[in-house]
Amino acid sequence: MKKYILMSLVTAMLMTIWSCKKLSEDSPLEIVGKDIVFDKTDSLGVNAERFLNNIYAGLPNGYNRINGNILDAGTDDAIPSAVGDAVQYFSNNGISPSNIVDTVWTKNYRNIRKVNVFLANIDIVPLNLSGYKNRWKAEARCLRAMSYFELIKRWGGVPIIGDKVYGASETIDVPRNTYQQCVDYILSELDIAMPYLLTANASVNGTFTANFYGRFGRGAALALKSRLLLYAASPLNNPNNDLSKWASAAAAAKAVMDSVSAAKFTYALNNTATTAHYTTANLTPLVPSTALSAYTTNVNKFLSIFSTISNNEIILPYMASINSGVESSNDPVGYTRASGAGKTNPTQELVNEYEMANGRLISESGSGYDASKPYYNRDPRLAGTVMFNGLFWLNRNVETFDGGLDRPFGYGRVTRGETRTGYYMRKFMTSNASSTSYSNYPHMFPILRYAEILLNYAEAQNEAVGPDASVYAAVNAIRTRVGMPNLATGLSQVQMREKIRHERRVEFAFEEHRFWDIRRWKIAGAVLNGILHGVQAINTAGVVNYTVVDATTTKFDENKMYLFPIPLNEMIANKSMVQNPNW
């Protein structure tokens, strides 16, 4: 605790400033003080806005952030290509108070402190831009709310600091607030900010411009409220299944949906293939010829969500600088582009979750699944999420059969350097460069997107009142976007619950949802105690045979791992800190 709270102002403000040049061209950054940031003569608030932009840099960014791996490589959806990669500690019972891996405690309290500094000093600036100061304050409050949410979804109740800016000489002795107190505080911050935020389709003068894309608008605040209340209503945090909490979560998601219907927000499911990732020729082997054109369009529509610089589905993105980090970390290893690491290896469990085109799981009677052609006629999101043997990438088909270009050693022969499951990640990867070189490209991580709002609503409404028509409509909208059939009618509440959980898994794979979903639903003990699987493909004279094989053993201690341990240094620094149970 003391570690984060005793940061000097200079340290807090001199993190890399997001999308801006340095604060002063005349002085080294390390000696810049708050009188320069919050300048009494700066009527345009240039440096104050840069400080605010710097706080945005602390938003969650899901790309390769756990030692080069995505967080979901610590779930049942994927494993890392290297046996020793630390992200697997989440799925093999390896974390501890001194080794948490997902080290965001300090990051988020640092952001909270920055917000407090900003709010304490912004009124010094004689800003002459009408409405801007109140909007900046509101955005700062939302950023602080996001930081607290990131903390409580990991640790449960945490210390609420309020607006206080601690001095370097102060002793910090702050107890943890309860989880519900934290939820209430976050809600109050969002509600206070809401009236001053931009709507999704209007700036302060009534015209939306790209300058505001990526900022906390009213829609993003409502979307965060939706996620917060959904988590608060879930079994982990609502053990008595208080239905009023589910009703509140449903209402929060419905508020976003109603605002869209009223044209207050322009959010929508992306339904356009803005980027032609694939041609029909690329995907010919994957579906019957009569379905090829529609299938190709649906794959491209799904991938375009993540490859378009901005689109109306993404409510709040992490605005990274242009880069090729996603590709260099996750390229299949057989391509000649430099340093393709193939880090993220989807599991057979995830692949099996993608339905056949007729809407049946591969294990269901009448699905039409053929084990000799395991990727044929499947949900288009499979080809938009997972690289499997035979999928086209860049200039050739992926070869993950034993001895193939992308699995040269073969199943079970190496512990790093190629896929351990027979699969690589496809989602987020851009194919705008050649097969021999990378091109930098905008990678906007989707922190909040409209598809989540629909599924948040469906889940909460189903739990609150059962599978009414509005629940079906929300889920079916997600499925229709990619050409999947509507859900069967007449589902029970339990059956609909499973359908919604299925839809979240296939729609949001690798977007840092599965990691938290299996915890808030309290199913991590069921899905992470046992064996995760992959596939071994053997190519004999051009005929490939597939066998499901063991990939790794998992272990999840249900007595303690649903919450992270409080970091050891925080336990030492703050005498009032109480550790989470059984750590």
Side-chain angles (χ1 to χ4, degrees), residues 66 69-83 85 87-94 330 342-356 359-364 367 369-371 373-376 378-389 391 398 400 407 411-412 418-427 455 484 497-537 546-556 558 561-562:
I66 309 294
N69 289 281
I70 64 167
L71 182 62
D72 283 0
T75 71
D76 56 337
D77 277 359
I79 63 175
S81 59
V83 170
D85 275 353
V87 70
Q88 269 197 148
Y89 293 170
F90 290 117
S91 56
N92 66 13
N93 205 21
N330 293 288
K343 279 182 170 291
T344 303
N345 301 166
T347 61
Q348 191 65 45
E349 281 73 14
L350 174 63
V351 171
N352 288 351
E353 194 74 14
Y354 289 87
E355 297 169 348
M356 300 296 291
R360 297 178 184 269
L361 290 169
I362 64 172
S363 58
E364 288 185 74
S367 71
Y369 175 71
D370 183 348
K373 297 189 293 182
Y375 317 115
Y376 184 75
R378 303 284 291 274
D379 183 331
R381 288 172 290 187
L382 175 59
T385 305
V386 177
M387 287 192 190
F388 45 78
N389 187 64
L391 182 70
V398 174
T400 52
R407 202 174 197 182
Y411 167 68
E418 65 182 58
T419 176
R420 294 165 59 202
T421 64
Y423 301 109
Y424 292 98
M425 184 178 76
R426 169 64 183 90
K427 200 174 196 177
L455 290 181
M484 291 298 290
R497 180 184 300 139
E498 292 308 308
K499 291 295 184 182
I500 293 167
R501 291 182 178 188
H502 156 84
E503 209 63 34
R504 288 184 68 92
R505 189 174 187 182
V506 300
E507 177 72 18
F508 301 135
F510 311 140
E511 296 180 48
E512 292 204 357
H513 284 274
R514 182 67 176 174
F515 188 93
W516 304 112
D517 282 349
I518 62 176
R519 284 164 173 76
R520 67 182 181 87
W521 294 330
K522 295 204 74 174
I523 65 169
V527 302
L528 286 179
N529 274 309
I531 296 174
L532 296 178
H533 299 88
V535 66
Q536 180 179 27
Y546 298 90
T547 304
V548 173
V549 292
D550 295 350
T552 194
T553 300
T554 59
K555 185 177 181 181
F556 185 92
E558 295 184 80
M561 289 187 70
Y562 279 111

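Quantities reported herein were computed from a predicted structural model and do not represent experimental measurements. For the numbers below, each heavy atom of this structure counts, side chains included, while hydrogens, waters and symmetry mates do not.
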Visitor: To the nearest 0.5 Å, tell me how far Tyr375 OH sits from Ile362 CD1.
Guide: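 Answer for the OH-CD1 pair, Tyr375 versus Ile362, is 9.5 Å.
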
Visitor: Atom CG of Asp77 and atom CZ of Phe510: how far apart are they, to the nearest 0.5 Å?
Guide: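 Answer rounded to 0.5 Å: 6.0 Å.
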
Visitor: Side chain of Tyr411, backbone of Val549: donor and acceptor closer than 3.5 Å?
Guide: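 No; judged by distance alone, with no hydrogens or angles, the pair does not exist.
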
Visitor: I'd like to know if the side chain of Arg378 and the backbone of Tyr354 have a donor-acceptor N/O pair within less than 3.5 Å.
Guide: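 Checking the backbone N and O of Tyr354 against the side chain of Arg378, a donor-acceptor pair under 3.5 Å is found.
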
Visitor: Report yes or no: does Asn92 contribute a side-chain atom to a donor-acceptor pair with the main-chain N or O of Lys555 at less than 3.5 Å?
Guide: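 No, the answer is negative, given that no donor and acceptor are paired below the 3.5 Å cut-off.
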
Visitor: Could you tell me whether the side chain of Tyr423 reaches within less than 4.5 Å of the side chain of Val351, counting heavy atoms only?
Guide: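 Contact flag for Val351/Tyr423 side chains = yes.
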
Visitor: When you measure from the side chain of Thr421 to the backbone N and O of Gly534, does any donor-acceptor pair fall under 3.5 Å?
Guide: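 Flag not set: sc Thr421 to bb Gly534 has no pair under 3.5 Å.
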
Visitor: Are any side-chain N or O atoms of Asn345 and backbone N or O atoms of Gly342, one a donor and one an acceptor, separated by less than 3.5 Å?
Guide: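 Yes; at least one donor-acceptor contact below 3.5 Å.
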
Visitor: For a side chain to side chain contact (heavy atoms under 4.5 Å, CB included) check, start with the C-alpha distance between Met425 and Ile70, then their side-chain angles and the critical distance, and finish with the verdict.
Guide: CA-CA 10 Å; Met425 184 178 76; Ile70 64 167; 4.1 Å; yes

Visitor: Side chain of Tyr562, backbone of Lys522: donor and acceptor closer than 3.5 Å?
Guide: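 Here the side-chain-to-backbone pair exists.
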
Visitor: Below 4.0 angstrom, N of the basic side chain to O of the carboxylate: do Arg381 and Glu503 qualify?
Guide: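 Counted as a salt bridge, because a side-chain N and a carboxylate O are separated by less than 4.0 Å.
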
Visitor: Can a donor-acceptor pair be found, under 3.5 Å and without considering hydrogens, that links the side chain of Glu507 to the backbone of Arg504?
Guide: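 Checking the backbone N and O of Arg504 against the side chain of Glu507, no donor-acceptor pair under 3.5 Å is found.
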
Visitor: Phe556 versus Val527: any side-chain heavy-atom pair under 4.5 Å?
Guide: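 A side-chain contact is absent here, since even the closest heavy-atom pair is not under 4.5 Å.
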
Visitor: Do His533 and Val548 pass the side chain to side chain contact (heavy atoms under 4.5 Å, CB included) test, and can you show the C-alpha distance, the side-chain angles, and the key distance before you say yes or no?
Guide: CA-CA 7 Å; His533 299 88; Val548 173; 3.9 Å; yes

Visitor: Under 3.5 Å, is there a donor-acceptor pair between the side chain of Thr347 and the main chain of Asp76?
Guide: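 Checking the backbone N and O of Asp76 against the side chain of Thr347, a donor-acceptor pair under 3.5 Å is found.
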
Visitor: Atom CZ of Phe388 and atom CZ of Arg426: how far apart are they, to the nearest 0.5 Å?
Guide: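 Rounded to the nearest 0.5 Å, the CZ-CZ separation comes out at 10.5 Å.
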
Visitor: Using a 3.5 Å distance criterion without hydrogens, assess whether the side chain of Ser91 forms a donor-acceptor pair with backbone atoms of Gln88.
Guide: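 Yes; at least one donor-acceptor contact below 3.5 Å.
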
Visitor: Under the 3.5 angstrom rule, does the side chain of Arg420 hit a backbone N or O of Pro80 as a donor-acceptor pair?
Guide: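 Yes: the side chain of Arg420 pairs with the backbone of Pro80.
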
Visitor: Could you tell me the separation between the OG1 atom of Thr419 and the CG atom of Asn389, rounded to the nearest 0.5 Å?
Guide: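 If I round to the nearest 0.5 Å, the distance is 11.0 Å.
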
Visitor: Can we say Arg505 and Asp517 salt-bridge, meaning some charged N sits less than 4.0 Å from an Asp/Glu carboxylate O?
Guide: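 So Arg505 does not pair with Asp517 through a salt bridge.
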
Visitor: Apply the test side-chain hydrogen bond (donor to acceptor under 3.5 Å, both in side chains) to residues Glu355 and His502: give CA-CA distance (whole Å), side-chain angles for both, the deciding distance (0.1 Å), then the verdict.
Guide: CA-CA 10 Å; Glu355 297 169 348; His502 156 84; 3.3 Å; yes

Visitor: Could you tell me whether the side chain of Met387 reaches within less than 4.5 Å of the side chain of Pro346, counting heavy atoms only?
Guide: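 A side-chain contact is absent here, since even the closest heavy-atom pair is not under 4.5 Å.
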
Visitor: Ring of Phe515, cation from Arg519 - is the NZ or CZ under 6.0 Å from the centre and inside 45° of the axis?
Guide: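 The answer is yes, since Arg519 meets both limits relative to Phe515.
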
Visitor: Using 4.0 Å as the upper bound for N to carboxylate O, is an ion pair formed by Lys427 and Glu511?
Guide: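 Counted as a salt bridge, because a side-chain N and a carboxylate O are separated by less than 4.0 Å.
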
